[in-house]
Number of protein chains: 2
Amino acid sequence: MAEATRPARSQPATLSDVARLAGVSIATASKALNGRSQVRAETRERVIEAAERLAFRPNQVARGLLAGRTGTVGLLTSDLEGRFGIPILMGAEDAFGAGEVAVFLCDARGDAIREQHHVRALLGRRVDGLIVVGSRTDPRPSLGRELPVPVVYAYAPSEDPEDLSIVPDSVGAGRIAIDHLLACGRTRIAHITGDPGYGAARERAEGARAALADAGLALVGEPRFGAWSEGWGRAATAMLLDRHPDVDAVLCGSDQIARGVMDVLRERGHRVPEDVAVMGFDNWRVLTSASRPPLTSVDMNLEQVGRAAAHALFTAIAGTRRSGIETLPCRVVIRGSTVPLS
Amino acid sequence: MAEATRPARSQPATLSDVARLAGVSIATASKALNGRSQVRAETRERVIEAAERLAFRPNQVARGLLAGRTGTVGLLTSDLEGRFGIPILMGAEDAFGAGEVAVFLCDARGDAIREQHHVRALLGRRVDGLIVVGSRTDPRPSLGRELPVPVVYAYAPSEDPEDLSIVPDSVGAGRIAIDHLLACGRTRIAHITGDPGYGAARERAEGARAALADAGLALVGEPRFGAWSEGWGRAATAMLLDRHPDVDAVLCGSDQIARGVMDVLRERGHRVPEDVAVMGFDNWRVLTSASRPPLTSVDMNLEQVGRAAAHALFTAIAGTRRSGIETLPCRVVIRGSTVPLS
DNA sequence: AGCGTCTCAGAAAGCCTTTTCTGTTTCTTT
DNA sequence: AAAGAAACAGAAAAGGCTTTCTGAGACGCT
């Protein structure tokens with residue numbers, strides 16, 4: 001807890017410091033360090049050495065001012081707390097960090113006013129582009145077409161089809177989930193899922209129904225929409241077993257729901273996965289590996305969504321824009337809760 | 001998926017655009033917009049109107065170059081995936097965003113090389129300061145004393161006592177947990193916790209032991225260190241019940257462990273909370289509210305840690321540095337898994 | 001020797017603001 | 001009406017870098 005006012009730290013070295021030490025002009029120093037050709041090898045050497053002696057790091061702020069491009073992008077999340085934003089953010093950060101782009105993080109806390117504020121602040125900082133990360137897959141209002149920099153929407157697509165959005169393929173996710181259960185020989189499959197107000201819930205159910213139809217089958221009962229919670233998983237399973245005690249698989253709208261489902265199945269004497277296979281969505285490690293047995297789940301490849309968004313923004317900054325909604329495939333991660341019927 | 005190369009968007013308006021439109025010099029325009037006094041009210045009006053017409057936003061990059069301060073800070077996390085980093089990050093982002101500071105996010109992925117790379121990149125961007133967020137509470141190597149900007153360490157303290165670190169009070173967390181269980185009238189309290197390689201595990205255990213000692217009591221058996229998983233919670237509980245079937249409370253090192261503990265307690269016929277009270281650490285919503293009954297847990301107030309770190313960095317940038325490790329109190333969030341003995 | 005051609009170094013402009021200083025206008029005061 | 005003071009506007013420099021253009025030697029050729 002010591003408290004003190006220390007002398008101001010020495011300023012970082014500037015190019016003119018380097019030039020002076022090397023005994024050349026600023027222009028020559030710049031050219032030497034940037035690999036320009038108009039410098040004799042010996043001179044270049046001297047400059048480089050001087051730069052190293054002074055631990056010179058070119059001031060990106062000055063560079064950005066000059067170049068008109070700052071090498072920064074804004075990452076606008078609507079809700080950091082939610083767990084979907086994080087992997088996307090990681091993917092994007094990763095894709096940019098590898099290049100020489102730095103990422104401004106802004107959390108709008110789901111508030112449009114705050115979002116506007118952040119957009120303005122980011123534009124004031126002259127970011128080269130923006131990524132808008134939503135907290136759910138339902139379309140969200142566009143930031144508008146008049147922005148001076150390109151924007152890519154990730155996870156939550158923009159309502160404006162002129163914008164570019166990168167989203168996971170929820171319908172496809174439903175399909176591949178069912179395909180996996182069918183491959184396990186299951187035919188009496190029920191679907192317990194979350195809030196029907198979520199596009200993800202509806203689309204996954206739609207994909208599941210389509211995949212079953214392709215196999216000449218149908219869900220056991222209607223999809224049971226409810227909440228994204230273990231509690232709903234438990235409640236819905238109780239009702240399901242009362243009506244259809246012969247199900248041999250339950251596709252759950254989320255891993256949380258799946259945990260509730262598995263608890264009740266076990267309590268009611270149904271073995272997982274022997275009697276009933278259970279699958280979740282989201283592939284949320286804490287839940288999938290902690291459950292008994294470990295839970296098979298559909299991974300939305302969110303990190304890839306983030307990476308793809310970053311990449312798209314990159315090419316947009318370079319001048320090639322795309323538009324529309326692009327979907328990325330999901331993948332099934334198989335664990336102990338689904339095995340072939342013996 | 002439409003693909004097209006659109007014309008470059010119009011550049012944002014500059015101050016000289018505004019000045020020209022208002023029919024004044026750049027200097028006057030600047031003074032008018034910044035509330036400087038050397039401008040006639042009528043002139044100021046004209047400039048402001050011109051700025052609005054052009055949607056002028058001052059270029060923070062140019063401003064930063066001139067001022068020597070950029071109004072940006074770097075947030076260096078070692079692992080975004082881990083759930084402890086996020087709330088800290090949110091707290092910091094929140095504290096800064098309210099001011100006019102923008103946050104660069106960098107994830108080192110737990111790799112020292114990558115961390116160095118990011119530090120260099122951030123310094124090249126002339127950030128005004130750095131916050132280093134760790135993924136666990138154990139001390140970590142300092143970034144060094146030679147950095148040109150102040151650094152604050154959050155969650156994981158720096159090994160160098162000259163640095164300033166903000167961490168949650170793990171010992172105190174153990175104490176208040178026990179205090180709560182004692183207040184519930186429990187006296188035969190066991191402690192099942194995680195990896196003993198983690199300072200957090202050891203310190204919480206120490207705090208728990210101290211609080212019990214203050215009450216003239218001791219833990220039932222030794223603290224049981226293991227892993228931060230439900231599986232370990234289950235295994236340890238089984239052993240515990242074999243040796244000490246009469247425990248009336250289990251303090252768990254994490255919410256995950258607590259879930260495993262509760263499952264086995266219930267399976268073995270112990271009622272929670274009537275017969276045995278259960279408590280966790282971390283207050284991780286998904287787990288605490290989904291469990292049956294909802295889990296009482298110690299919240300580490302991580303968002304506050306982030307906010308405090310941001311605030312400390314702020315004052316350090318302003319010139320007042322502190323050093324040493326500062327701890328922030330944790331708090332007990334009471335739910336259904338702990339009730340007074342009747 | 002004179003000319004042209006290279007090669008390399010430096011001067012200077014420019015990016016966008018802020019700020020200081022100078023200069024002009026207007027007003028007050030005697 | 002003249003002198004002084006005040007109020008306001010603008011020129012210019014600064015901040016660190018890149019780039020273009022100019023200039024100075026060095027070299028080769030006729």
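In what follows, chains carry the letters A, B, and so on, assigned in the order in which the sequence lines appear, proteins first and then strands, with residues in each chain numbered from 1. These values consider heavy atoms only, across backbone and side chains, with no hydrogens, waters or symmetry-generated copies.
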With a 4.0 Å cut-off on N to O distance, would you call [X] and [Y] a salt bridge?
{"X": "D17(A)", "Y": "R53(A)", "result": "no"}
{"X": "R44(B)", "Y": "E49(B)", "result": "no"}
{"X": "R109(B)", "Y": "D111(B)", "result": "no"}
{"X": "E162(A)", "Y": "R321(A)", "result": "no"}

Nearest-angstrom distance from the residue atom [atom1] of [X] to [atom2] of [N]:
{"X": "D17(B)", "N": "dC15(C)", "atom1": "CG", "atom2": "P", "answer": "11 Å"}
{"X": "R46(B)", "N": "dA9(D)", "atom1": "CZ", "atom2": "C1'", "answer": "11 Å"}
{"X": "R40(A)", "N": "dA24(D)", "atom1": "CZ", "atom2": "C1'", "answer": "13 Å"}

Open item on the list: Measuring from atom CG of L123(A) to atom CG of N59(B), what distance do you get when rounded to the nearest 0.5 angstrom?
Closed with: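 Going from the CG atom of L123(A) to the CG atom of N59(B) covers 11.0 Å.
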Task: Backbone of Y153(A) reached by a side-chain donor or acceptor of S158(A) within 3.5 Å - done: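 Looks like no, no N/O pair under 3.5 Å.
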Open item on the list: Parallel, tilted or perpendicular, judged at 30° and 60°: which one describes the rings of F96(A) and F314(A)?
Closed with: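 F96(A) vs F314(A) ring planes: tilted.
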- [ ] Find the bend of the helix from dA1(C)-dT30(D) to dT30(C)-dA1(D) as the angle between its two terminal axes (five pairs each), to the nearest 10°.
- [x]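 About 60°, once rounded to a multiple of 10°.
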TODO: For Q60(A) and R63(A), run side chain to side chain donor-acceptor pair (under 3.5 Å): C-alpha distance rounded to whole Å, both residues' side-chain angles, the deciding distance at 0.1 Å, then the answer.
DONE: CA-CA 5 Å; Q60(A) 296 298 137; R63(A) 228 180 219 181; 3.3 Å; yes
TODO: For each nucleotide in nucleotides 14-21 of chain D, reading 5' to 3', give B when a protein heavy atom comes within less than 4.0 Å of its base, S when such contact involves only the sugar-phosphate, and - otherwise.
DONE: BBBBBBB-
